[in-house]
Amino acid sequence: MQIYRIESGQLNLRLGGTAAAFGRFDALHRGHMSIIGRAVGYAEKHGLKSLVYMFENEPAEVISGRQVKSVNTVSKRLEILEKAGVDIAVVQKFDKTVMNMPCERFINDYIREAFDAKYIAVGFNYRFGRGAEGTAEYLRDECRKFGTEVYIEEGISDSGGVISSTRIRELIADCRVDIAAELMGRYFSVSGIIVRGHHIGSDRLGFPTANIKFPKDCIVPGYGVYITTACVKGRRFPAITNVGGKPTLNDGGMLIETHICAEFGDLYGERIEIEFCEFIRGIRKFDSLDDLANQLKKDRDRSEKFYITKYAGGITNE
C-alpha cells in the first residue's frame with residue numbers, strides 16, 4: 001500500500017484514476033469498513049486504484065478546542081487498511097487551513113486534480129469544506145457534473161443505535177470492550193514498548209508482567225482486569241491485563257500491565273500489542289498477597305479457556 005502524508009497547503013499529488021473513500025475513519029468500525037469496501041470493490045471491478053483519504057487527528061479538536069482521544073493510532077489504521085486491500089492511503093492533519101477551505105476548492109484540487117477520483121464512497125453524515133457546509137448530497141450533486149459517481153452509505157445500526165466512533169469510545173471507557181469489538185469487527189487494542197516495572201508481579205506473586213505506558217493520544221479501557229491476547233515477537237498468546245493502579249501493593253502508578261500465559265525471557269524494549277477481549281473485574285484491594293495471587297490464577301485460567309474457545313484446536317501461538 002502506498003502512503004502519502006499531506007502537509008497543510010502542500011498538495012503535490014497527481015494520482016491517475018482512483019476509487020476513493022473519504023472520512024475521519026478513527027475506529028474503522030463496521031460502517032467505515034463498509035464504505036471502504038465499496039471503494040475497494042469498485043476499483044477492482046473497473047481497473048482503478050482504491051484510495052482512502054483520512055485525517056490524522058480529530059477535527060473537533062481544532063473546531064472546538066476540546067481534546068478527543070483516538071480509538072486507533074494512525075499506524076494501526078494504516079495496518080487495517082492494508083489488510084482490507086486498499087492501494088493508496090492519504091493522511092492529512094486537520095488544521096485551520098483545511099477547516100476554512102471552500103468546498104469548491106476541495107472538489108477541484110483534491111477530487112479532480114490530486115486523486116482523479118472516478119468514484120467516491122462516503123458516509124451519510126460526511127461533511128467537508130468551510131464551516132462544514134459541504135454535505136454528502138452536495139458532494140454527489142457536484143461530482144455528477146464531471147462524471148464522478150458518489151455512493152452515500154447509510155449508517156449501520158444495531159440495538160444500541162447507529163455505530164459510530166463516539167459510541168465506541170464510550171464503550172471502551174466504560175469497560176465494555178466486548179461490545180466495542182462487535183461494532184468494530186475486531187478487538188480494540190493498544191500497543192507500546194515494554195518498559196521496566198517494580199518486578200513485584202514476578203518476585204512476589206509469580207505473575208511476571210509486560211508493562212507499557214498509557215498512550216498519550218489514544219483512549220484506554222476503563223480501569224480493571226481484562227481477558228486479553230498479547231501479540232509479541234510475531235506470535236499471539238492468551239493473557240490477562242490490568243489497567244490502572246495496584247491498591248493491594250499500595251502502588252498508584254498508571255501502567256498497562258499484561259501477564260502473558262507463556263514462558264518468556266527478557267522482553268524489555270520489545271513492542272507488544274494487547275487486544276482487549278472481555279472485562280473480568282474491577283480493581284480492588286485484597287487482604288493479602290496470597291489472596292491476590294489466587295485471584296490472578298483464576299483470571300489466568302479464564303483467559304486460557306477463552307483463548308482455546310476462540311482459537312479452535314487449542315493455543316496455536318501463531
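Quick caveat: nothing in here was measured; it's all calculated off a predicted structure.
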Open item on the list: When you measure from the centre of the six-membered ring of Phe55, is the NZ or CZ of Arg24 closer than 6.0 Å and no more than 45° off the axis?
Closed with: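 No cation-pi geometry.
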Task: Lys NZ or Arg CZ of Arg77 over Phe25 ring: under 6.0 Å, within 45° - done: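 No - Arg77 does not lie over the ring of Phe25 by the 6.0 Å and 45° rule.
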Could you grab the distance from atom [atom1] of [X] to atom [atom2] of [Y], nearest 0.5 Å is fine?
X	Y	atom1	atom2	answer
Tyr4	Leu11	OH	CG	12.0 Å
Ile168	Met184	CD1	CE	5.5 Å
Phe306	Asp301	CZ	CG	15.0 Å
Thr209	Asn242	OG1	CG	9.0 Å

TODO: Evaluate whether atom NZ of Lys49 has more than 12 neighbouring non-hydrogen atoms of other residues, nucleotides or ligands under 6.0 angstrom away.
DONE: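 Atom NZ in Lys49 is not packed in, count stays at 12 or less.
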Salt-bridge contact [X]-[Y] (side-chain N to carboxylate O under 4.0 Å):
X	Y	value
Glu273	Arg236	no
Arg176	Asp174	yes
Glu61	Arg66	no
Asp141	Arg144	yes
Arg140	Glu149	no
Lys76	Glu79	yes
Glu113	Arg105	no
Asp116	Lys118	yes

Open item on the list: In this structure, is the centre-to-centre distance between the rings of Phe106 and Phe22 below 6.0 Å?
Closed with: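 Ring centroids of Phe22 and Phe106 are less than 6.0 Å from each other.
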Task: Full working for side chain to side chain donor-acceptor pair (under 3.5 Å) between Tyr151 and Glu153 - done: CA-CA 6 Å; Tyr151 169 81; Glu153 174 85 24; 2.8 Å; yes
TODO: Mind telling me whether Tyr138 and Phe128 have parallel, tilted or perpendicular rings, with 30° and 60° as the class edges?
DONE: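 It falls in the tilted class, 30° to 60°.
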TODO: Describe, in one word, how the ring planes of Tyr53 and Phe115 are oriented to each other, choosing from parallel (under 30°), tilted (30 to 60°) and perpendicular (over 60°).
DONE: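 Ring orientation, 0 to 90° scale: tilted.
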TODO: Apply the test side chain to side chain donor-acceptor pair (under 3.5 Å) to residues Glu44 and Tyr42: give CA-CA distance (whole Å), side-chain angles for both, the deciding distance (0.1 Å), then the verdict.
DONE: CA-CA 5 Å; Glu44 291 175 346; Tyr42 190 95; over 6 Å; no
Task: Audit row: Tyr126, Glu137, side chain to side chain donor-acceptor pair (under 3.5 Å) steps and yes/no - done: CA-CA 9 Å; Tyr126 179 71; Glu137 291 75 17; over 6 Å; no
- [ ] For the pair Ser70 and Asp217, evaluate side chain to side chain donor-acceptor pair (under 3.5 Å) and give the outcome as yes or no after the intermediate values.
- [x] CA-CA 6 Å; Ser70 297; Asp217 301 322; over 6 Å; no
Task: Whether Ser34 side chain and Arg30 backbone form a donor-acceptor pair below 3.5 Å - done: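 No, the answer is negative, given that no donor and acceptor are paired below the 3.5 Å cut-off.
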Open item on the list: Whether the side chain of Asp178 engages the backbone of Phe279 through a donor-acceptor N/O pair (distance < 3.5 Å, no angle test) should be reported.
Closed with: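 Checked: no pair found.
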Open item on the list: So which atom in Thr258 and which in Asn211 form the shortest heavy-atom distance, rounded to 0.1 Å?
Closed with: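 So the minimum-distance heavy-atom pair works out to N-OD1, 4.5 Å.
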